[in-house]
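A, B, ... follow the sequence lines: proteins, then strands. Residue 1 opens every chain.
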Protein chains: 2
Amino acid sequence: MEQRKIPEHEAIYLRIREMILFGVLVPGQPVTIQGLVETLDAGTTPVREALRRLTAEGALEAKGNRRITVPQLNISQVEELYFARLSIEPKLVQIAVPRIGSEEISSLRGIDNKLNEAISLGDIEGYLKYNYRFHFALYEAAGAGILLTLAQSLWLRAGPSLRVVLTRYGASALPDQHDVTIRALETRDLQKACGAIETDIRQGMDQVRQVLVFGETSS
Amino acid sequence: MEQRKIPEHEAIYLRIREMILFGVLVPGQPVTIQGLVETLDAGTTPVREALRRLTAEGALEAKGNRRITVPQLNISQVEELYFARLSIEPKLVQIAVPRIGSEEISSLRGIDNKLNEAISLGDIEGYLKYNYRFHFALYEAAGAGILLTLAQSLWLRAGPSLRVVLTRYGASALPDQHDVTIRALETRDLQKACGAIETDIRQGMDQVRQVLVFGETSS
DNA sequence: GATTCAAAAATATGATCAAAATATTAGGCC
DNA sequence: GGCCTAATATTTTGATCATATTTTTGAATC
């Protein structure tokens, strides 16, 4: 009694997407259609469609010679992401603050608890997962589809690099502002909530920038 | 001696993209794979891949029942686009101003001339085309790939609605700030250039908003 | 070091199967 | 008897696969 609701290409898309967001695929790593066909035990057509979609979202990069890789950000790209995230994400919070319900706030608290647990266990994938869930549970409360899509694209671009930060310096290198954010939501404090998310973004992106400036790999 | 460089799915993608940007496809219109296969005389696989890509970019909308349409914006989506465009595009100009070369500026002037010609002829498709070219010739001078991609996505979303404005009120309803922009570029006046583009965006999006508020179509 | 050739990977086609939308028909009700 | 509703049939469209073709890479040779 299999639940055949969502099409194959959609399911494949979601699987690869998580591999990127939560750090299974690392920056610079080549991604081949054939490889994924074998790894995921899927047909070529669904895999191809999933890759086109992810490439369009900026999660993957199409080199000219029809080869696909996980993007490796350079300094100026990090600056672009920095700016774009600070433009979009606090706006989502601003819209969300008056609309979010109390059940959603307690759901956020639950996610944050799991996140803290992952930190204390040094569970990097768990950290990435719950950090993502926290932010997007909040952003979804805004009910702003276009801005949400933009934010998701930005996270797909930043995800693999964040993973690099965590494997290098551990989750403790990334203090978050989730506690402050939740308290601000409870009191409907717009300024405080937006400010907290802004700080959260800055802290994360600063770390990514650091890794890039110091940890220069190849020429 | 055919120049077979770019793959079919890429060519198809570009063709459909232009159909959306320059108003061949109207908001609400259903887009079928089979239909495009016949219209464009192509195989199903390239068309499918192109549609996945365009859907990911927000140029098309995937309904739940695996049907695809050209998105019809509602008021809150127009507000989101308004905000996002004002966040991203002036920033691109800001980065472009010190980097743009004089040949590129004169190229902009050439595009603007063709645009004015299209306006005087009442050529709507020409208007959309050269207006797009003007903005993105400028934005590309910034050399900021990520922000550029975001801006392109926003234009793909706004394109079909702009077309509706033009067919309803004519190109004269959309005064542009291109002249002011070019002069600001020549004098490297950052404030003025960003302000001009900001005004340009406001004028266009205000019109789109008007059409939506007054020209309510169905229930 | 450049060139040629073979293997591997990506691309594209068309066919097949499944799902959805539309058209059609039959039955029940006023 | 006409008309609305609901079940069914048809047709259109989407999803996936197997296969053929093209392109690129990388190795071997000159």
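Protein atom NZ of B:Lys63 is 17 Å distant from nucleotide atom C1' of D:dG14, rounded to whole Å. Taking atom CD1 on B:Ile68 and atom P on C:dA20, their separation rounds to 15 Å, with Å as the unit. Look at CG on B:Leu40: it is 12 Å from P on C:dT13, rounded to the nearest Å. Between B:Gln34 atom CD and D:dA15 atom P the separation is 10 Å, expressed in whole Å. Rounding to whole angstrom units, CZ of residue A:Arg48 and P of C:dA9 are separated by 14 Å.
Side-chain proximity of A:Asn65 to the nucleotides D:dT25, C:dA12, D:dC17 is greatest for D:dT25. Nearest nucleotide to the side chain of A:Arg66, out of D:dT22, C:dA19, D:dC17: D:dT22. Comparing C:dT11, D:dG14, C:dA15 by their closest approach to the side chain of B:His9 singles out C:dT11.
Ion pairing between B:Glu79 and B:Arg209 holds under the 4.0 Å rule for side-chain N and carboxylate O.
When heavy atoms are screened at a 4.0 angstrom cut-off, A:Thr45 is found touching base atoms of the nucleic acid. Using a 4.0 Å heavy-atom criterion, one finds that B:Arg67 contacts the sugar-phosphate atoms exclusively.
Taking the six-membered ring where the residue is Trp, B:His178 and B:Phe134 present parallel rings, their angle staying beneath 30° rather than reaching 60°.
Comparing A:Glu49 and A:Gly64, the nucleotide of DNA chain D nearest to each residue sits closer to the 5' end for A:Glu49.
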